[in-house]
Enquirer: 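One structure follows; several queries about it will come next.
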Amino acid sequence: MQNQEIVKIIENLGGRRSYEEKRASKLGFTCLYDYFEDKISKKQKAIEDAQKELEATKNNDQPKATKKSCSCC
């Protein structure tokens, strides 16, 4: 079953189709569909990693804000 988003991207390439085909073959993909599928999955993974990193920094910042630097306060 094909992802309609990928099919739509391939249909709308126009003049860039030959460039993308060359790039896909250079990277070892047999067809444009596989190339764009990999490209989209990498983007989604990068977004997920960025969100996890953001959540981790939020969690680490909260305890630091409650610590007092000296005992006089």
Side-chain angles (χ1 to χ4, degrees):
M1 185 168 163
Q2 292 186 345
N3 186 349
Q4 293 301 318
E5 180 182 357
I6 296 172
V7 172
K8 194 173 190 179
I9 290 170
I10 293 171
E11 288 175 354
N12 292 329
L13 283 176
R16 292 187 50 89
R17 186 178 180 106
S18 63
Y19 169 78
E20 295 292 348
E21 286 175 346
K22 288 177 187 176
R23 187 153 172 84
S25 65
K26 183 179 178 182
L27 294 173
F29 293 97
T30 57
C31 64
L32 276 177
Y33 185 85
D34 293 338
Y35 170 67
F36 280 107
E37 188 175 39
D38 184 61
K39 196 173 182 179
I40 290 173
S41 69
K42 284 182 181 180
K43 279 184 184 179
Q44 288 176 344
K45 178 144 176 53
I47 291 170
E48 289 173 3
D49 290 344
Q51 288 176 346
K52 287 179 184 178
E53 186 176 318
L54 182 63
E55 290 175 5
T57 56
K58 282 183 180 179
N59 290 338
N60 289 340
D61 288 344
Q62 289 174 351
K64 289 180 183 177
T66 60
K67 287 185 178 180
K68 295 181 181 178
S69 60
C70 65
S71 62
C72 64
C73 297

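Numbers here simply count residues along the sequence, with the first being 1.
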Enquirer: Checking the side chain of Y35 only, and the main-chain atoms of S25 only, is there a donor and an acceptor separated by less than 3.5 Å?
Expert: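 Such a contact is absent between Y35 side chain and S25 backbone.
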
Enquirer: May I ask you to test the K39-E20 pair for a side-chain heavy-atom distance under 4.5 Å?
Expert: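 SC-SC contact between K39 and E20 confirmed.
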
Enquirer: Could I get the full list of ring-ring contact (aromatic ring centres under 6.0 Å, His included) partners for F36, not counting sequence neighbours?
Expert: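 By the ring-ring contact (aromatic ring centres under 6.0 Å, His included) rule, F36 matches no residue at all.
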
Enquirer: Could you walk me through whether E21 and R17 pass the salt bridge (Lys or Arg N to Asp or Glu O under 4.0 Å) test, one step at a time?
Expert: CA-CA 6 Å; E21 286 175 346; R17 186 178 180 106; 3.1 Å; yes

Enquirer: Looking at T30 and D34, what are the two nearest heavy atoms and their distance?
Expert: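 Residues T30 and D34, closest heavy atoms: OG1-OD2, 3.5 Å.
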
Enquirer: Once rounded to the nearest 0.5 Å, what's the spacing between atom CD1 of I40 and atom CD of Q44?
Expert: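 Separation between the atoms: 7.0 Å.
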
Enquirer: Identify the two heavy atoms, one from Y33 and one from N3, that lie closest to each other, and give their separation to 0.1 Å.
Expert: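 Minimum heavy-atom separation between Y33 and N3: OH-N, 2.6 Å.
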
Enquirer: K45: which residues meet the salt bridge (charged side-chain N to carboxylate O under 4.0 Å, His left out) condition with it, sequence neighbours left out?
Expert: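 Partners of K45 by the salt bridge (charged side-chain N to carboxylate O under 4.0 Å, His left out) criterion, ordered by chain and then number, come out as D49.
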
Enquirer: Output the distance between atom CG (L13) and atom CG (L32), rounded to the nearest 0.5 Å.
Expert: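 Result: 6.5 Å between the selected atoms.
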
